[in-house]
Amino acid sequence: MTITRIKDLHAHEGEEVTIQGWVYKRTGKGKLSFLLLRDGSGFAQCVAFKGDLDEEVFETIKRIPQESSVVITGTVRKDDRAPGLPGGYELGISALSIIQSAADDYPMALKEHGADFALDNRHFWLRMPSQWAILRIRATVISAIREWLDDNGFTLVDTPILTPAAAEGTTTLFETEYFDEGKAYLAQTGQLYNEANIFAFGKVYCFGPTFRAEKSKTRRHLTEFWMVEPEMAFCDLDELMNVEEQFVSHIVKKVLEKNRPELESLGRDISALEKVNGEFPRITYDKAVEMIKEIQAQTEDPEEKAFLEIEWGMDFGARHETVLTQQFDKPLFVYGYPTQVKAFYMEPMPGRPEACKSVDLLAPEGYGEITGGSERMSDPDLLLQRLHEHGLPEESFKWYLELRKYGSVPHSGFGMGIERTVAWICGTDHIRETIPFPRTIKRVYP
RNA sequence: UCCUCAUUAGCUCAAUUGGCAGAGCGAGCGGCUGUUAACCGCUAGGUUCUUGGUUCGAGUCCAAGAUGAGGAGCCA
């Protein structure tokens, strides 16, 4: 028996096909019953009419519990009334068999749920169209990332997850016993290893899970999240921004190509995403501080005014990033951050040691930082000094310092947080929905 | 670590000044030939987060605690 997938129904108009999946929703209207069936590739409405079916079959359909697994045969019809993802086509049921009739106490009613309940039931929540759409877009984002990097001369070189020390001093790390070698830590970045790898491969990237034991409880933080980190030899800050621009544009373009029904089902403003191409605006940190001060001066609300307080040298908070990005309709580069708020390995701005060649890319519509990168420091003496200033153990970084001795070149790289990027593209307000099983400070279940 | 808010049926939420514990959805039963969160009728469903206190009487007031949320701090 050939099984047709719901995403392909449109190509079978007028034909009798068989699909298999799960009953997402059932409604009835006397001699008609509607099943909204989910098969992983989409959602499609199947219609049973009492007059077309045996009494017994029709009664079965009328009573089939939500989430039952079924095989349905029927004729594909085009009908604008048919809901689904993608909608517009439905199946007139001629036969149905039940693989398993689900228990009638399925906990996830088809309605809005609170965050706690939804997360406790993440294993079921995944079945709902909104979550299905977001995670499908996540899959496209990941494949677009790899596609662009692979097609542009980057080599995938995996970096370790168990590491001997922090890549930056102030961050809290997840710690584990490592046999007789003392402590090991879950990686918070693969970047330092990337810097070793460029000397063999020129342009590299690593892509994997990253761990932060920060006690951050916000809609932008997870303790386990995914990050892609490209790193390039012979690349300065300007070229880095050129690369990021093309990279992000490609990702958005792919999602627009492949996931339009998903975006529409999420209610995403697609025209906003369509603007994401070409050159992105680039402003210095100094300019950004000025802009924030101007906005703050015009703000009436005292609470908001307090949040927007800024002086040169401070890192941006979420509110700062929000008001900045609202001035533009494309992602925004802010470069040249104060040295003191950034990691130890960033190249100083020429003649301005208090600022460094770092760049963050801030997503529009208030979504904030989605990439952070920099040109890396080339002076080995200064690097050692910074290491000490950050209180990092020199022993653990011996290999890293040695990289500057043998064929050092200007090089740059950045990291992109997958969940923040997906949240922006989907218009989701919390990144916990953009990863299948989110890990937060208060949740490791399910 | 700090601030704010929340906790009542499986879920989302009401409950007036301290005075009988409610609705919608979901579930079960019945009705309806185009439903889109369908609609109509009926049925079942409660440790009001916990402990203690005030009171004739507490979902409501007081105290302590628990759990959660999203902001700050922190966050290549």
Side-chain angles (χ1 to χ4, degrees), chain A residues 24-36 43 45-52 58 62-63 65-66 77 79-84 87 90 92 102-121 124-125 129 159 166-173 187-195 206 210-223 225 227 229 231 303 306-307 309 314-319 321 337 341-346 356 358-360 368-369 371-374 376 390 413-417 420 429-430 432 440-443:
Chain A
Y24 176 68
K25 186 174 75 162
R26 171 175 52 76
T27 57
K29 197 175 190 311
K31 292 174 182 158
L32 280 171
S33 269
F34 302 94
L35 302 180
L36 192 59
F43 293 71
Q45 174 164 277
C46 304
V47 185
F49 175 49
K50 193 173 184 177
D52 293 343
F58 185 76
K62 206 171 152 184
R63 286 164 205 288
Q66 183 189 352
R77 293 191 291 253
D79 192 318
D80 292 338
R81 293 170 298 187
E90 65 180 21
D104 63 17
D105 58 352
Y106 184 65
M108 278 221 122
L110 303 178
K111 55 177 298 196
E112 289 300 311
H113 295 285
D116 196 36
F117 178 83
L119 288 169
D120 278 341
N121 290 278
F124 294 136
W125 192 21
T159 53
E168 74 137 37
T170 56
T171 307
T172 316
L173 297 173
Q188 56 176 358
T189 172
Q191 188 221 306
L192 302 188
Y193 294 96
N194 273 342
E195 287 190 62
C206 62
T210 308
F211 306 89
R212 303 276 168 92
E214 294 148 11
K215 298 203 171 178
S216 295
K217 275 185 64 175
T218 81
R219 68 185 70 204
R220 303 177 309 282
H221 289 90
L222 297 170
T223 56
F225 62 99
M227 186 158 68
E229 294 176 278
E231 188 78 21
E303 193 186 349
F307 273 122
E309 183 65 34
M314 288 166 59
D315 202 359
F316 295 143
R319 287 294 224 298
E321 291 183 351
Y337 283 80
V341 302
K342 289 292 177 183
F344 72 92
Y345 46 71
M346 297 183 179
C356 63
S358 58
V359 57
D360 285 356
E369 180 183 345
T371 82
S374 65
R376 316 307 189 187
H390 281 75
F414 67 97
M416 169 188 269
R420 288 185 181 181
D429 72 341
H430 198 304
R432 66 186 161 213
T440 64
I441 182 172
K442 288 290 181 186
R443 183 174 294 279

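In what follows, every chain begins at residue 1, and chains take the letters A, B, ... in the order their sequences are listed. Since we're looking at a predicted model, the values are computed, not measured.
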S.K.: Taking the side chain of A:K25 as its heavy atoms from C-beta onward, which of B:A37, B:G31, B:G34 lies nearest to it?
M.R.: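 Nearest listed nucleotide: B:A37.
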S.K.: Reckon A:E229 touches a base, only the sugar-phosphate, or nothing at all at heavy-atom distances under 4.0 Å?
M.R.: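 Base, at least one base heavy atom under 4.0 Å.
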S.K.: Would you mind reading off the distance between A:K442 atom NZ and B:A69 atom C1', rounded to a whole angstrom?
M.R.: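 So the two atoms are 11 Å apart, to the nearest Å.
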S.K.: Looking at the base of B:A72, is there any donor atom on it, or on the side chain of A:K217, that sits under 3.5 Å from an acceptor on the other one?
M.R.: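 No such pair is found, so the answer is no.
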S.K.: Round to the nearest Å and state the distance from A:D120 atom CG to B:U12 atom P.
M.R.: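 Answer to the nearest Å: 10 Å.
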S.K.: Using a 4.0 Å heavy-atom cut-off, does A:E231 contact any base of the nucleic acid, only the sugar-phosphate backbone, or nothing at all?
M.R.: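 The residue A:E231 makes no contact with any strand.
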S.K.: When rounded to the nearest 0.5 angstrom, what distance separates NZ in A:K62 from NZ in A:K31?
M.R.: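 The NZ atom of A:K62 sits 10.5 Å away from the NZ atom of A:K31.
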S.K.: How is A:R376 classified with respect to the nucleic acid when contacts are heavy atoms under 4.0 Å: base, sugar-phosphate, or nothing?
M.R.: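 Answer is nothing: A:R376 stays at 4.0 Å or more from every strand.
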S.K.: Contact class for A:L110 (heavy atom, under 4.0 Å): base, sugar-phosphate, or nothing?
M.R.: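 No contact.
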S.K.: Counting heavy atoms from C-beta on, name the nucleotide in B:U35, B:C75, B:G31 closest to the side chain of A:R81.
M.R.: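 The answer is B:U35, which lies nearest to the side chain.
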S.K.: Taking atom types as modelled, find out whether A:E195 and A:Y345 have a side-chain donor-acceptor pair closer than 3.5 angstrom.
M.R.: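 There is no such pair between these side chains.
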S.K.: Of the options B:C75, B:U1, B:G34, whose atoms approach the side-chain atoms of A:R212 most closely?
M.R.: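 Per side-chain heavy atoms of A:R212, the pick is B:C75.
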S.K.: Report which part of the nucleic acid A:R443 touches: base, sugar-phosphate, or nothing (heavy-atom distance under 4.0 Å, all strands).
M.R.: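 Result for A:R443 = nothing.
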S.K.: Look at the side chain of A:E214 against the base of B:G73 and say whether a donor-acceptor pair falls under 3.5 Å; ignore hydrogens and angles.
M.R.: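 No pair found.
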S.K.: A:F307 near the nucleic acid: base, sugar-phosphate alone, or nothing, with a heavy-atom cut-off under 4.0 Å?
M.R.: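 Sugar-phosphate contact only.
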S.K.: Which nucleotide, B:G70, B:G34, B:C75, lies nearest any side-chain atom of A:R432?
M.R.: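 Ranking B:G70, B:G34, B:C75 by closest atom to the A:R432 side chain puts B:G70 first.
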S.K.: So what does A:D104 hit on the nucleic acid, given a heavy-atom distance under 4.0 Å: a base, only sugar-phosphate, or nothing?
M.R.: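 Sugar-phosphate contact only.
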S.K.: Name the nucleic acid region contacted by A:H221, choosing base, sugar-phosphate or nothing; use a 4.0 angstrom heavy-atom cut-off, strictly under.
M.R.: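 The residue A:H221 makes base contact.
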S.K.: Start at the 5' end of RNA chain B and walk down; is the nucleotide closest to A:H113 or to A:L32 reached first?
M.R.: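 Of the two residues, A:H113 wins.
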S.K.: For B:A37, take OP1 and OP2 only and decide whether either is under 4.0 Å from a side-chain N or O of A:R26.
M.R.: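 Looking at the OP1 and OP2 atoms of B:A37, neither is under 4.0 Å from any side-chain N or O of A:R26.
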S.K.: Over how many whole Å does the gap from A:M314 atom CE to B:G73 atom C1' extend?
M.R.: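 Value for this atom pair: 12 Å.
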S.K.: Expressed in angstrom and rounded to an integer, what is the separation of A:N121 atom CG from B:G26 atom C1'?
M.R.: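 These atoms are roughly 13 Å apart.
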S.K.: Considering just the side-chain nitrogens and oxygens of A:K29, establish if one lies under 4.0 Å of OP1 or OP2 belonging to B:G34.
M.R.: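 Checking B:G34 against A:K29, a side-chain N or O does come within under 4.0 Å of OP1 or OP2.
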S.K.: If you look at every strand shown and take non-hydrogen atoms under 4.0 Å, does A:F34 touch a base, only sugar-phosphate, or nothing?
M.R.: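 Base: the residue A:F34, judged by heavy atoms under 4.0 Å, touches a nucleobase.
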S.K.: Quick check: on RNA chain B, is the nucleotide nearest A:G28 upstream (toward 5') of the one nearest A:A118, or the reverse? Name the residue that is more 5'.
M.R.: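 Counting from the 5' end, the first nearest nucleotide belongs to A:A118.
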S.K.: Regarding A:G413, tell me which of base, sugar-phosphate or nothing describes its non-hydrogen contacts under 4.0 Å with the strands shown.
M.R.: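 Here A:G413 touches no strand at all.
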S.K.: For A:K50, which contact category applies under a 4.0 Å heavy-atom criterion: base, sugar-phosphate, or nothing?
M.R.: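 Counting heavy atoms under 4.0 Å across all strands, no contact is made by A:K50.
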S.K.: Taking 4.0 Å as the cut-off, does a side-chain nitrogen or oxygen of A:R319 come that near to OP1 or OP2 on B:G73?
M.R.: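 Checking A:R319 against B:G73: no side-chain N or O falls below 4.0 Å of OP1 or OP2.
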S.K.: Say you pick atom P in B:A9 and the same atom in B:G45; how far apart are they, in whole Å?
M.R.: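 15 Å, rounded to whole Å.
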S.K.: Just call it for A:D315: base, sugar-phosphate, or nothing, with non-hydrogen atoms closer than 4.0 Å on any strand.
M.R.: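 Nothing, no heavy atom under 4.0 Å.
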S.K.: Which whole-number value in Å describes the distance from A:R220 CZ to B:C75 P?
M.R.: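 Rounding to the nearest Å, CZ of A:R220 and P of B:C75 are 13 Å apart.
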S.K.: Less than 3.5 Å between a donor and an acceptor, one on the side chain of A:S216 and one on the base of B:C75, is that the case here?
M.R.: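 Not at all, since no donor on one side and acceptor on the other fall under 3.5 Å apart.
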